[in-house]
Amino acid sequence: VNAYTFLEYVNMRLVSILREDKDFSGVSTGTGMSGNANGDDEAGERTVRTNTTGNVNYVQVTFTLGSKYTVNSNPNADKYESGLIPLDSVRVGRGTFLDASTSMEHVCQEYAEAEDDNDDRDQLVGLSVGRVTKGDFDDAADQLCGPQASMCASPSSIPDQFVSFNIPLGSEVFDGQASSSLSANIFVSLVVNAVDTVAPTANMGNPTAPNAGGDPFQMKTTLTASIPIVAGGVNIFCDGFTAKTDLADVANVDIVVGSASSSDELTRLRILEDVASTDLSPKTASVIDTDSIESALMTLVLKGNHSYFAAGPGRNTGDYAMELDDLITLHLMEDGQATATNSKEAEVVRLLGLTGDDNSDSNGLDTDGYKLNGAFKFTIDRDEGTASLEPTAELLLACPFNPPRPEPNNSPLESCILRRDVRGRIFPARLGAVPTAMEILAAPGSARDSTEEIIDGVAENLIETSEESAFLTTILGESDYTKELAPAFARAIHARYQLNGRYRRAYWINPGYEW
């Protein structure tokens with residue numbers, strides 16, 4: 001390298017830009033549970049990757065121009081013939097060898113002509129193996145997730161002597177071409193057109209200097225280079241990959257019916273195990289004969305999988321906690337049979353069996369909410385990043401939401417009502433009433449920081465004036481029996497389920513009407 005070095009550090013790279021998938025709601029190229037390598041719909045996949053269909057490609061050529069050279073801009077010539085890289089000099093091709101079998105095409109000339117003619121949506125650009133309209137190419141190249149590089153833009157100045165020039169190749173040019181034998185290559189040929197900034201001074205200031213007549217003012221050379229298409233050799237932008245886990249894979253729910261003063265008594269209660277449903281389909285009804293509020297007391301237990309939530313190699317779930325965001329209970333006062341045509345239970349079962357809405361449409365992810373089935377829906381607040389469970393209008397017709405206490409000689413008692421026991425992780429209560437649910441042995445601080453040892457201490461220190469005792473007293477009445485039952489029952493639940501306040505948590509729910 002010396003003062004007369006014209007080009008150095010010549011480099012090339014291949015770039016592919018995918019069409020960004022913002023919600024992964026469509027068909028993708030991931031391998032789903034069915035094992036179909038061509039991809040399935042979102043609902044059938046655990047892993048989803050951005051579809052590569054319609055990807056656009058370009059080759060970037062970079063080099064450093066010698067320190068004494070600069071851009072040769074002829075004000076009387078157009079961009080096709082002048083500039084550092086005249087556009088009509090740029091040719092690219094794809095093949096095994098650069099010989100007569102490789103078609104070298106003037107892609108930058110086509111690209112610039114489409115731009116000049118304002119013909120982005122009709123004129124095709126790129127190699128003959130991947131031609132695409134200039135508009136479609138630019139739409140993909142201009143995505144915020146991509147490099148947003150300008151195509152065929154010959155620099156007007158090079159203050160740091162570094163030159164970067166991007167050449168559009170078209171769409172899907174690299175697909176299926178990667179080869180370890182280097183049988184597929186991208187070839188580039190272009191002219192570098194510069195001006196020697198030292199020669200005029202040397203020539204005019206000292207005509208007798210060596211090389212009399214001075215260096216030529218204009219310097220041109222043809223740069224020819226190639227780069228193979230190999231696996232891992234393409235820079236990919238706007239690619240995305242999402243892994244989905246069904247809630248039932250990492251957590252489930254038990255419902256304990258009744259109360260117990262010891263672990264031995266707890267084993268004799270009715271326990272509905274693993275009742276969580278992620279497809280929201282109606283389940284076979286479980287009839288439980290009870291003769292009192294106490295025998296119908298419900299304990300809802302969230303059972304996070306230890307192997308998922310516990311810290312360990314390859315797992316980053318130590319900061320995650322399970323939360324009960326919303327809980328709506330539905331109270332029926334009928335005979336437990338859904339056979340009667342006009343029964344409230346029959347209507348509820350019918351609504352639960354209706355197919356819910358898809359959570360996306362042709363415009364992408366549904367942003368305001370959607371029906372889970374005929375009975376319940378999600379209302380979504382995208383700004384807050386929350387979703388709340390709500391009854392549908394159809395369900396409300398059959399079962400009013402939290403109706404007031406019936407008065408004598410007023411409307412008859414409703415045989416089906418809806419009650420919200422948890423909303424936004426808070427236990428709401430009507431004015432003058434008490435909450436209808438509570439978490440037992442709740443973590444004293446942040447749930448994400450809680451451990452089984454912390455809840456051991458909470459259980460050990462539980463006394464008859466605890467919140468657990470106060471809650472059962474409001475349901476079962478004031479008595480020494482109730483005050484002693486609450487801490488004993490809470491400890492029994494803790495012993496069976498290893499509550500830790502983070503991903504193993506339990507909630508008591510009053511089974512009766514609040515009034």
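We use all heavy atoms of the structure for the numbers below, so side chains are in, but hydrogens, waters and symmetry mates are not.
For the side chain to side chain contact (heavy atoms under 4.5 Å, CB included) with Val56, the lone residue among Leu18, Ile17, Val125 that qualifies is Ile17. Remark: of the listed residues Val230, Asn55, Asn57, Asn57 is the sole one forming a side chain to side chain contact (heavy atoms under 4.5 Å, CB included) with Phe174.
Residues satisfying the salt bridge (charged side-chain N to carboxylate O under 4.0 Å, His left out) test with Arg350, not counting sequence neighbours, are Glu347. A search for side-chain hydrogen bond (donor to acceptor under 3.5 Å, both in side chains) contacts involving Asp274 returns Lys303, not counting sequence neighbours. Scanning for side chain to side chain contact (heavy atoms under 4.5 Å, CB included) contacts around Asp456 gives Glu452, His494, with sequence neighbours left out. Under the side chain to side chain contact (heavy atoms under 4.5 Å, CB included) criterion, Asp449 pairs with Ser446, sequence neighbours left out. In terms of the salt bridge (charged side-chain N to carboxylate O under 4.0 Å, His left out) criterion, Asp142 has no residue partners (sequence neighbours excluded). For the ring pair (Phe, Tyr, Trp, His ring centres under 6.0 Å) test, residues two or more places apart in sequence or in another chain that qualify with Phe489 are Trp508. Under the rule for a side-chain hydrogen bond (donor to acceptor under 3.5 Å, both in side chains), Thr267 has no partner lying at least two apart in sequence or in another chain. Residues forming a salt bridge (charged side-chain N to carboxylate O under 4.0 Å, His left out) with Glu294 (at least two apart in sequence, or on another chain): none. For Thr482, the side chain to side chain contact (heavy atoms under 4.5 Å, CB included) test picks out Leu472, Thr473, Leu476, Ser479, with sequence neighbours left out. Glu439 meets the side chain to side chain contact (heavy atoms under 4.5 Å, CB included) test with Phe427, Ala442, Arg505, Tyr507; sequence neighbours excluded. Checked against salt bridge (charged side-chain N to carboxylate O under 4.0 Å, His left out), Asp138 has the following partners two or more places apart in sequence or in another chain: Lys134.
Residues Ala429 and Pro435 share a closest heavy-atom pair of CB-N, 3.6 Å. Val15 and Val234 get closest at one heavy-atom pair: C-CG1, 4.2 Å. Contact detail for Ala231 and Ala178: the closest heavy-atom pair is N-CB, 3.6 Å. Taking every heavy atom of both residues into account, Cys416 and Pro400 meet most closely at O-CD, 3.2 Å. Minimum heavy-atom separation, Val250 to Phe309: O-CE1, 3.6 Å. Closest non-hydrogen pair, Leu144 versus Gln148, comes out as CD2-NE2, 3.7 Å.
With values rounded to the nearest 0.5 angstrom, Gln123 atom CD is found 11.0 Å from Glu115 atom CD. Here the CG atom belonging to Leu266 is positioned 10.0 Å from the OG atom belonging to Ser259, to the nearest 0.5 angstrom. Between atom OH of residue Tyr497 and atom CZ of residue Arg504 there is a gap of 8.5 Å, rounded to the nearest 0.5 Å.
Taking 4.5 Å as the limit, every side-chain heavy atom of Thr50 sits out of range of all side-chain heavy atoms of Arg19. Residues Tyr320 and Arg448 have side chains not in contact (no heavy-atom distance under 4.5 Å, counting atoms from C-beta outward). Two residues are said to be in side-chain contact when any heavy atoms from C-beta on lie closer than 4.5 Å; Ser415 and Ser343 fail this criterion. For the pair Ser150 and Phe165, the minimum side-chain heavy-atom distance is 4.5 Å or more. Between Glu478 and Lys483, some side-chain heavy-atom pair lies under the 4.5 Å cut-off. Contact check for Leu297 versus Asn510: no side-chain heavy atoms found under the 4.5 Å cut-off. For the pair Phe237 and Pro147, the minimum side-chain heavy-atom distance is below 4.5 Å. Between Asn166 and Val59 there is no side-chain heavy-atom pair separated by less than 4.5 Å.
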Problem - Full working for side chain to side chain contact (heavy atoms under 4.5 Å, CB included) between Asp254 and Val275 - result: CA-CA 6 Å; Asp254 281 7; Val275 297; over 6 Å; no
Exercise for the section: Decide side chain to side chain donor-acceptor pair (under 3.5 Å) for Asn51 and Thr53; before the verdict, give the C-alpha distance in whole Å, the side-chain angles of both, and the deciding distance to 0.1 Å. Expected result: CA-CA 6 Å; Asn51 197 323; Thr53 301; 2.8 Å; yes
Problem - Working for salt bridge (charged side-chain N to carboxylate O under 4.0 Å, His left out), residues Arg491 and Glu468 - result: CA-CA 11 Å; Arg491 292 189 187 104; Glu468 284 79 358; over 6 Å; no
Exercise for the section: Assess whether side chain to side chain contact (heavy atoms under 4.5 Å, CB included) is satisfied between Leu127 and Val107, documenting all intermediate values. Expected result: CA-CA 7 Å; Leu127 296 172; Val107 293; 4.3 Å; yes
Exercise for the section: Take Ile509 and Leu300 through the side chain to side chain contact (heavy atoms under 4.5 Å, CB included) test and state the conclusion after the steps. Expected result: CA-CA 7 Å; Ile509 304 167; Leu300 180 71; 4.0 Å; yes
Problem - Steps toward salt bridge (charged side-chain N to carboxylate O under 4.0 Å, His left out) verdict (Arg496, Glu273) - result: CA-CA 13 Å; Arg496 178 183 177 94; Glu273 297 183 313; 3.5 Å; yes
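Panel note: side chain His331, backbone Leu418; no donor-acceptor pair is recorded below 3.5 Å. Side chain of Glu172 to main chain of Gly54: a donor-acceptor pair is present (N/O by atom type, distance under 3.5 Å, no hydrogens or angles). Remark: side-chain polar atoms of Gln143 are paired, donor with acceptor, to backbone N or O of Glu20 under 3.5 angstrom. Under a 3.5 Å cut-off, the side chain of Asp136 and the backbone N or O of Val132 do not form any donor-acceptor pair. A distance-only check finds no donor-acceptor pair linking the side chain of Asp325 to the backbone of Gly424 [under 3.5 Å].
When only modelled atom types and interatomic distance are considered, Gln60 and Arg13 share a side-chain donor-acceptor pair under 3.5 Å. No hydrogens or angles considered: a donor-acceptor pair under 3.5 Å links the side chains of Thr436 and Asp421. In this model, a donor atom of one side chain and an acceptor atom of the other lie less than 3.5 Å apart for Ser307 and Asn305.
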Which pairs would a plain distance check flag for residues 387-396, meaning a side-chain donor or acceptor within less than 3.5 Å of a matching protein atom at least two apart in sequence or in another chain?
residue	atom	partner	partner atom	Å
Ser388	OG	Glu390	OE2	3.4
Glu390	OE1	Arg420	NH2	3.0
Glu390	OE2	Arg423	NH2	3.2
Thr392	OG1	Gly374	O	2.6
Thr392	OG1	Ala375	O	3.3
Thr392	OG1	Glu394	OE1	3.3
Thr392	OG1	Leu395	N	3.3
Glu394	OE2	Lys371	NZ	3.2

